[in-house]
Amino acid sequence: MDHPYADRTRWFALLVVFAVAVWGISVVAGGRRDAERAALARKLALKGVELRDVDALGARLLGAAAVRLNADAQTREALADTVANEGRVDLNDVSRSDDVAIASDGSFVLALPFAEKVHRWDLREEGGYESVLDLKTSSVDRMAVSADGRVVVAADDYDGVTLWDLDRRTHPRKAAFLPLMGSSFEIVLSRDATTALIAYEDLDDELEGVTVEVWDLGSLSRPARRSTLKVPSGWLYDLAISADGRTAVAVRDDGRSPLVWDLTDPAHPAESHVGDQGMESAALSPDGRRAVFGTGNGVEVWDLGDRAKPVRVATMGGEFRDVFTVAMARKGDLVLAADYHGHAVLWDLSEPSRPVRLATLRTGVRGVEEVALSDDGRTAVMGSPESGPRVWDLSYVEQDPLESVCRRGDDVISAEFWELHTEGQGAAYTDGDFRLCDGVLTQ
C-alpha cells in the first residue's frame, strides 16, 4: 500500500539536508575567501609600510588597496600613518630644537636650541628657508610667539624677559624689558598676545616655590603686571593658557593635581584644581572649557565647564609613557601628543568622550621636547634635543584614510603593479586595473 504523505516527507527531508549541506559548503568557502582576503590585505599593508621611504606613491596605493580589500584596524592605521608621514620635512639647520612654535596659519616655524638664538623657517619657501632672528641678546632659554607672529617674548635665564615687535620681520624691535629675580621656567601667550604668563623660580622665596606673573601686553611698549600667583612646588612641568586669555593651567612636578586659574579678572585670579593626581603637560581649548593633559601613561581629556567640578571625559593610553608635551588646534578638535620616548599620535576630539586616533607620526628620535599645531591643524611641528625641528603637512589626514587618498585623485592601480605586489593572489578581485575609490571588488 502506497503512503504518499510518507514519500513527500522523505523528499522534503532530503531537500532540507541538501540545502543545509550546500549552505554549509558556501559558509566554509565564504569563510576561506574572507580569510584569504584579509591575509592579502595585511600583506599589502605591510608592503606599503616597507615602501614608505623609497616610493611614497606606491606605499599610499598599496595601503589604500589593503583598506579596500579588508578595512580592519591594522590596515586603516597603516594607511593613516603612511598618509601622515608622507608630509614630513626635517629642518636640519640646527642640531637640536628644545622649544618650537608655529604661526597660526602655519606659514612659519620658530625653534630654539637651548641657550642659543631663535631660528625662523618660512614654510612658504621651497625647503623651508631658515634665518636667525637678531634679538640682540647672547642667548634665549624660553620663548613664546603670538598667533600672527608679530610678538615674540624671549627669556634669558637669570636676566629677564624681553618683548620683541616683529612687525618688520628682518629687523625685530625691542619693545620692553621685564626684569626677573629668578630663573624662568615657562612663558605662554594668549592668541592675540594681550595676556602673558611668565613662570620662574623666585630666588627670594625661602619655600622654593614657583612664581607666575600675569601681564597685560595690550600696550606692548608699556606692559602692566596685573597679578602675581604663587605655586607651592619646586618646579613646573608645564604652563598653558587659552586663546582668549581667560583660563590658565599650571602642571606641577610634585605629584599634586594641576592648578586652574580663571583670569576673567586678571587682577584677581580665581584658583581651582583638576583631578586628584599629578600630570606632566597640558593644553587648553580656545575657550578654556576643555583641557588635555599628558600623564605618565597616556593622555586625558577633561571638561572644565564647571570649574568646581571638572570631569574627565576620555583617556587615551596604551602606547604612551611620560607624555611631556601636548598641543591643541584652535577649534579644540585636534590634539597632538608626544612622549619622552619619541612616540607621537594625532587625535580627533570632535566627540571629546570618543577620541579617534588619526595617525602616529614617525619622529625618528628617542625623545620629544615640544610639539605645536597650526590653528587649522594642518601643520604640526616637533622639537627635540636630538634633532632640528620636524614639520608635518597634515592636510590629507582625516578619519577615513581611504577617503583621504581618493580626495587626492589616487584611484587606479595598474594591472601590472597589482600583479607585481599581489604575486598572483589578487586575480580574483579584479579583471584588469584595480579601482580604489568607486570600483566593485569581485567577492
Side-chain angles (χ1 to χ4, degrees), residues 49 73 77-78 80-81 84-85 87-88 90-91 96-102 109 111-114 142 185-186 188 235-240 249-258 274-275 277-285 290-302 312-329 332 334-349 352 355-373 377 379-392 394 397:
V49 171
E77 288 185 9
D81 294 353
N85 289 288
R88 191 184 98 178
D90 296 349
L91 306 176
R96 58 186 295 173
S97 48
D98 298 81
D99 200 359
V100 292
I102 189 169
V109 164
L112 174 63
F114 184 72
R142 296 288 186 274
F185 285 158
E186 295 287 344
V188 293
W235 191 269
L236 283 186
Y237 274 148
D238 204 3
L239 191 64
V249 170
V251 179
R252 301 180 279 182
D253 74 330
D254 55 9
R256 286 184 283 184
S257 59
V274 183
Q277 61 181 359
M279 311 291 188
E280 295 180 348
S281 55
L284 288 168
S285 62
R290 183 187 306 162
V292 175
F293 293 101
T295 74
N297 297 304
V299 180
E300 296 182 359
V301 183
W302 285 76
R312 182 171 54 195
V313 297
T315 300
M316 300 95 83
E319 308 124 305
F320 287 116
R321 293 292 183 273
D322 298 321
V323 183
F324 282 167
T325 177
V326 291
M328 191 181 296
L334 286 178
V335 167
L336 177 59
D339 66 17
Y340 193 65
H341 306 281
H343 189 69
V345 177
L346 184 70
W347 296 87
D348 186 329
L349 294 186
V356 176
R357 175 197 175 281
L358 294 180
T360 296
L361 304 186
R362 291 185 297 142
T363 66
V365 296
R366 290 173 294 177
V368 178
E369 193 78 16
E370 195 74 35
V371 293
L373 283 170
T379 308
V381 60
M382 177 210 77
S384 169
E386 299 180 13
S387 72
R390 291 181 172 168
V391 178
W392 284 263
L394 304 176
V397 175

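In this text the structure is predicted, and so the values were computed from the model without any measurement.
- If you take OG1 on Thr325 and OH on Tyr237, they are separated by 14.0 Å, rounding to the nearest 0.5 Å.
- Within the 4.5 Å cutoff, the side chain of Phe293 has heavy atoms near those of the Val274 side chain.
- Atom OG1 of Thr360 sits about 9.5 Å away from atom CG of Leu346, to the nearest 0.5 Å.
- Residues Met316 and Leu349 meet the side-chain proximity criterion, which asks for heavy atoms closer than 4.5 Å.
- Between the CG atom in Leu373 and the OG1 atom in Thr379 there is a gap of 9.0 Å [rounded to 0.5 Å].
- Using a 4.5 Å heavy-atom cutoff, the side chains of Ser285 and Met328 are in contact.
- The pair Asp339-Arg321 does not count as a salt bridge, with every side-chain nitrogen at least 4.0 angstrom from each carboxylate oxygen.
- Listed for the Ser97 side chain is no donor-acceptor partner under 3.5 Å among the backbone atoms of Pro113.
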With side chain to side chain contact (heavy atoms under 4.5 Å, CB included) as the test, would you mind laying out the steps for His343 and Phe320 before giving the verdict?
CA-CA 7 Å; His343 189 69; Phe320 287 116; 3.7 Å; yes
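- At least one side-chain heavy atom of Pro352 sits under 4.5 Å from a side-chain heavy atom of Arg290.
- Here the side chains of Met382 and Thr363 are in contact, with some heavy-atom distance below 4.5 Å.
- Residues Asp322 and Glu280 are in side-chain contact: their nearest non-hydrogen atoms beyond the backbone lie under 4.5 Å apart.
- Residues Leu361 and Val345 fail the side-chain proximity criterion, which asks for heavy atoms closer than 4.5 Å.
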Apply side chain to side chain contact (heavy atoms under 4.5 Å, CB included) to Val301 and Arg312, showing your working.
CA-CA 6 Å; Val301 183; Arg312 182 171 54 195; over 6 Å; no
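- In plain terms, the two heavy atoms of Ala337 and Val299 that are nearest each other are CB-CG2, 3.6 Å.
- If you take CG on Asp238 and CE on Met279, they are separated by 12.5 Å, rounding to the nearest 0.5 Å.
- Ring geometry, Tyr340 versus Phe324: the interplanar angle falls from 30° to 60°, so the pair is classed tilted.
- Closest approach of Ser257 to Gly275, counting heavy atoms only: CB-O, 3.3 Å.
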May I have the step-by-step check of side chain to side chain contact (heavy atoms under 4.5 Å, CB included) for Leu239 and Val251, ending in yes or no?
CA-CA 6 Å; Leu239 191 64; Val251 179; over 6 Å; no
Would Ser387 and Arg96 satisfy side chain to side chain contact (heavy atoms under 4.5 Å, CB included), going step by step from the backbone distance to the final call?
CA-CA 4 Å; Ser387 72; Arg96 58 186 295 173; over 6 Å; no
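- Between the CG atom of Asp90 and the CZ atom of Arg390 there is a distance of 4.0 Å, given to the nearest 0.5 Å.
- Taking the side chain as every heavy atom from C-beta outward, His341 and Arg366 never approach each other to under 4.5 Å.
- The distance from atom CZ of Arg362 to atom CG of Asn85, rounded to the nearest 0.5 Å, is 4.5 Å.
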